[in-house]
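Since the structure comes first, as structure tokens, the remarks are kept for the end.
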Number of protein chains: 2
Amino acid sequence: MSGMTSGGTGDEPIVYIVDDDDAMRHSLEWLLTPLGLAVRSFASADAFLAEHDPGRTACLVTDVRMPGMSGLELHEELVRRGAVLPVIVISGHGDVPMAVRAMRTGALDFIEKPLNNQLLIERIQQALRLAHTRREETRETDAIRARLAALTAREREVAQLVAAGKQNKAIAHVLGISLKTVEIHRHNAMEKMAATTGADLARMLTLVGGVG
Amino acid sequence: MSGMTSGGTGDEPIVYIVDDDDAMRHSLEWLLTPLGLAVRSFASADAFLAEHDPGRTACLVTDVRMPGMSGLELHEELVRRGAVLPVIVISGHGDVPMAVRAMRTGALDFIEKPLNNQLLIERIQQALRLAHTRREETRETDAIRARLAALTAREREVAQLVAAGKQNKAIAHVLGISLKTVEIHRHNAMEKMAATTGADLARMLTLVGGVG
DNA sequence: AGGCGGTTAGGGGTTAACCCCTAAGCCGCG
DNA sequence: CGCGGCTTAGGGGTTAACCCCTAACCGCCT
């Protein structure tokens, strides 16, 4: 469930900025762009949610206090949506409970204004590295999921039983079909999944959560 | 690397309290004990580090400001030591950076004084549930590690190659020994590891990080 | 010196996995 | 209606895995 949105090759990392304050957005753009970072900024959480590309290697820098949806609510909404992009929350009038809430939601950091530019840049670079790592980690599982989706229903059933270490005979008994048929499905599944051995198949399915 | 300390059966969860303020410690004891919770309190981080049982299902409630090692330093030291117990940090004079630091270190929560007893109890119960879950998760891997340690060097080598999906013939070639010998080691390894199939073995070794 | 655990190796047989080929019934789509 | 994809199934052969038994060599400890 990641990385299969917006097929473009746009793989350079991007920094999303969400802040209702025009001056702050521009100031951040002026700070980050010279570093060779791609920046895309939004004046509201809704604008960000509507227009950003969830499939991209990116991080988000969001202010807390904004008209409409707050930065914290935006963060929580992203988590609800299963987003994986690292989030840095900034705030002009933050307090401890607010910071704790942001961190519990999974923010990489909660930074108070006035911003320490050096610290912010460091965090953003850390966030992008993290985004890249997560992307790498999901790359293989995405490929596996894609191949898994190409299996027929029967092949998937057989594949799961194979991955569980059952032998063909047992699988045939469980599914109420012939040993020969199991061998066919097993072979097709292994081929479609590009698995060399049964252990390979098992590894792939557990990576994807095929056991449940 | 967990749960193999202090062999006692003491499996009822315990709440560790670290605070230099006698009144606060006693107040927490009086709050928690009536709930049926085992409580053990310490007046300093050093005392806690010296006397607590790292193998136990437990959580830690620690104040930040204390003579000697602070609560944050204690938390960081525990993380360095690979501890897995959930930590709740409480503070009378906390600020945002302090809260962020605690949360980044992995605290479950950072709570300001005066304490909201109901909230604290809730968090402690959540922490103990989490500790229990983590313990369950490490229980199997601990058992696997123990069985793995009972293998001879040769058996471990063979087991890893088996788990990698290699067939006996290939393993024999790699190790420069006879197919027969591989079969013996394989059989012994499977028996000692209580694995029914090669896939089982693979699962165990990856759980323990046997591939890395 | 004898015993014990680890490593090595073979004989011989059974079962399971894998490979190639054929083939039939079913269902949807052009 | 025929074609293709999915599922079903068998024949027949090769290879690999698994099981039981014997047996040698080495190092270490009693």
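Just so you know, these numbers use all the heavy atoms, side chains as well, and skip hydrogens, waters and symmetry mates. The chains referred to below are lettered A, B, ... by the order of the sequence lines, with proteins before strands, and numbering in each begins at 1.
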task = Walk me through it: do B/T141 and B/R145 pass the test side-chain contact (heavy atoms from CB on, under 4.5 Å)?
result = CA-CA 6 Å; B/T141 63; B/R145 254 183 276 263; 3.6 Å; yes
query = For residues 187-197 of chain A, which residues have at least one heavy atom under 4.0 Å from DNA chain C?
reply = A/H187
key: Passing candidate, salt bridge (charged side-chain N to carboxylate O under 4.0 Å, His left out) with A/R40, options A/E12, A/E51, A/E29   = A/E51
Working for side-chain contact (heavy atoms from CB on, under 4.5 Å), residues A/L120 and A/I111 = CA-CA 8 Å; A/L120 179 63; A/I111 305 177; 4.1 Å; yes
inquiry  = Over 60° means perpendicular and under 30° means parallel, so tell me whether B/Y16 and B/F42 are parallel, tilted or perpendicular.
reply    = tilted
ask   = Hey, does B/I124 have a side-chain heavy atom less than 4.5 Å from the side chain of B/V61?
value = yes
pair B/P86-B/R134: side-chain heavy atoms closer than 4.5 Å = yes
inquiry  = At a heavy-atom distance below 4.0 Å, what parts of residues 177-184 of chain A sit against DNA chain C?
reply    = A/K180, A/E183
task = Could you walk me through whether B/L60 and B/L78 pass the side-chain contact (heavy atoms from CB on, under 4.5 Å) test, one step at a time?
result = CA-CA 11 Å; B/L60 168 63; B/L78 287 170; 3.6 Å; yes
ask   = In degrees, rounded to 10°, what is the bend between the two ends of the helix from C/dA1-D/dT30 to C/dG30-D/dC1, using five pairs at each?
value = 30°
inquiry  = In the structure I gave you, are the side-chain heavy atoms of B/K192 and B/R147 within less than 4.5 Å of one another anywhere?
reply    = no
query = Are OP1 or OP2 of C/dT7 and a side-chain N or O of B/T152 less than 4.0 angstrom apart?
reply = yes
message = Among residues at least two apart in sequence or on other chains, which ones pass salt bridge (charged side-chain N to carboxylate O under 4.0 Å, His left out) with A/R154?
response = A/E157
Whole angstrom value for the distance that separates C1' of C/dT8 from CD of B/E155 = 13 Å
query = Is B/R81 salt-bridged to B/E77, cutoff N-O under 4.0 Å?
reply = yes
note = Footprint ends on DNA chain D, 5' to 3', for atoms under 4.0 angstrom from a heavy atom of chain B, come out as D/dA16 to D/dC19
message = Taking the basic N atoms (NZ, or NE/NH1/NH2) and the acidic carboxylate oxygens, is any pair closer than 4.0 Å for B/R25 and B/D22?
response = yes
Student check: side-chain heavy atoms of A/E122 and A/Q126 closer than 4.5 Å = no
message = Once salt bridge (Lys or Arg N to Asp or Glu O under 4.0 Å) is applied, what residue pairs with a partner in residues 179-188 of chain B remain, sequence neighbours excluded?
response = B/K180-B/E183
